[in-house]
Trainee: 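Before I ask anything, here is the structure I am working with.
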Amino acid sequence: MRLVLLGPPGAGKGTQSARLKEKYHIPQLSTGDMLRAAVKAATPAGLAAKAIMDRGSLVPDETVVGIVADRIAAPDAKGGFILDGFPRTVRQAEALAEMLGAMNLDLDAVIELKVDEAALLARIAARVEETQASGGTVRADDTPKAFKTRLEASRAETAPGADFYAKKAILKTVDGMAPVDAVAAAIGQLLDGAARKVRRA
Ligand code: AMP
C-alpha cells in the first residue's frame, strides 16, 4: 500500500499515519521528521533548512525531493509506505510521480484531511500547553507567528498540490474535525476500497 496523507499543519496527519503504520506494517515517511533529524545531525541539508523551518516556511523542493527519493528506495519501503507531509507543492507531486514511475510503481491512495483553520489554531495551542505541562520542548515552529506562516504556506502551495491529485481523480477527502477514532475509521474504509481495487487489477 502506497499512500499520501495531505492536510494543513495540525490536521492530524502524524496521528493518523502512526495508526496506519501499525495497521499495514509499512513505514511512515514524514518529511518534517526527516528534516528535523537532518537539523539535529547538522547535515548540510539540515543546516540549510533550519532557519526556514523555524520561521514556518517551506524548505526548497530540491532538498525535500532528494530526501524522499533516497527514503522510498530504502529496503523497508519496498512493500509500501505512508507519506506524511509530502508532497506539499505541485513540483513535489510531479517529482513523486516521476520517481514512482521510474520504479514502475503508483500510489494506491491520496487522502486529504479537511479541517477548519480556527480549529487548527486551537489544536496547536493545546499541543503547546500539553508539551509545556509535561516538561517537553515546544517545537520552534509551533509559536503562533510561525504557525501562521505554516498555514499560509499550506494555503498557497499545499492546496494546489491537492488539486494535482484531484485532477487525476485519486484524491479522497476525510473530515479531519471528527474524533481521532472516527477519522481513522473513515480512512480505513477508503483504503479497504482501494485495496480491493488493487486486488481486482
Ligand atoms: P511538519 O512536521 O510536516 O509540520 O513539517 C515541519 C516543517 O518542515 C515545515 O514547516 C517545513 O518547513 C518543513 N517541511 C516538511 N515537509 C516539507 C515539504 N514536503 N516541503 C517543504 N518543506 C517541508
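Read the numbers this way: they start at 1 and go in the same order the structure lists the ligands and their atoms. Everything numeric here is computed off the predicted structure, so don't read it as measured data. One is the number of the first residue; the rest follow in order along the sequence.
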Trainee: Which atoms of ligand 1 are found less than 4.0 Å from any heavy atom of R36?
Mentor: 2 (O), 6 (C)

Trainee: Is atom NZ of K78 surrounded by more than 12 heavy atoms (other residues, nucleotides or ligands) closer than 6.0 Å?
Mentor: yes

Trainee: Would one find an N or O of G85, backbone or side chain, under 3.5 Å from an N or O of ligand 1?
Mentor: yes

Trainee: Judged by atom type as modelled, is there a donor-acceptor pair below 3.5 Å linking the side chain of K23 to the main-chain atoms of A18?
Mentor: no

Trainee: Where is the nearest protein heavy atom to atom 22 (N) of ligand 1: which residue, which atom, and how far?
Mentor: V59 N, 3.1 Å

Trainee: For ligand 1, is any non-hydrogen atom under 4.0 Å from R139's backbone (N, CA, C, O), its side chain (CB onward), both, or neither?
Mentor: side chain

Trainee: Nearest non-hydrogen contact with atom 13 (C) of ligand 1 belongs to which option: L35, D84, D33?
Mentor: L35

Trainee: Could you pull out, from M53, R150, R88, the option with a heavy atom nearest to atom 5 (O) of ligand 1?
Mentor: R88

Trainee: Give a yes or no on this: more than 12 heavy atoms of other residues, nucleotides or ligands lie within 6.0 Å of atom CD of E152.
Mentor: yes

Trainee: Which residue and atom name correspond to the protein heavy atom nearest atom 20 (N) of ligand 1, and how close is it?
Mentor: Q92 NE2, 2.9 Å

Trainee: Answer with yes or no whether K13 contacts ligand 1, where contact means a heavy atom under 4.0 Å from a ligand atom.
Mentor: no

Trainee: Provide the closest heavy-atom pair for L29 versus M34 in the form atom of the first, atom of the second, distance.
Mentor: CB-CE, 3.6 Å

Trainee: Do R91 and T89 pair up side chain to side chain, a donor and an acceptor below 3.5 Å, judged on atom types alone?
Mentor: no

Trainee: Sub-3.5 Å donor-acceptor pair from the side chain of E129 to the main-chain atoms of A125, do we have one?
Mentor: no

Trainee: When you measure from the side chain of R123 to the backbone of A11, do you find a donor-acceptor pair of N or O atoms at a distance under 3.5 Å?
Mentor: yes

Trainee: Numbering the atoms of ligand 1 from 1, which are under 4.0 Å from a heavy atom of T31?
Mentor: 15 (C), 16 (N), 17 (C), 19 (N)

Trainee: Among protein heavy atoms, which lies nearest atom 11 (C) of ligand 1, and at what distance?
Mentor: S57 O, 3.4 Å

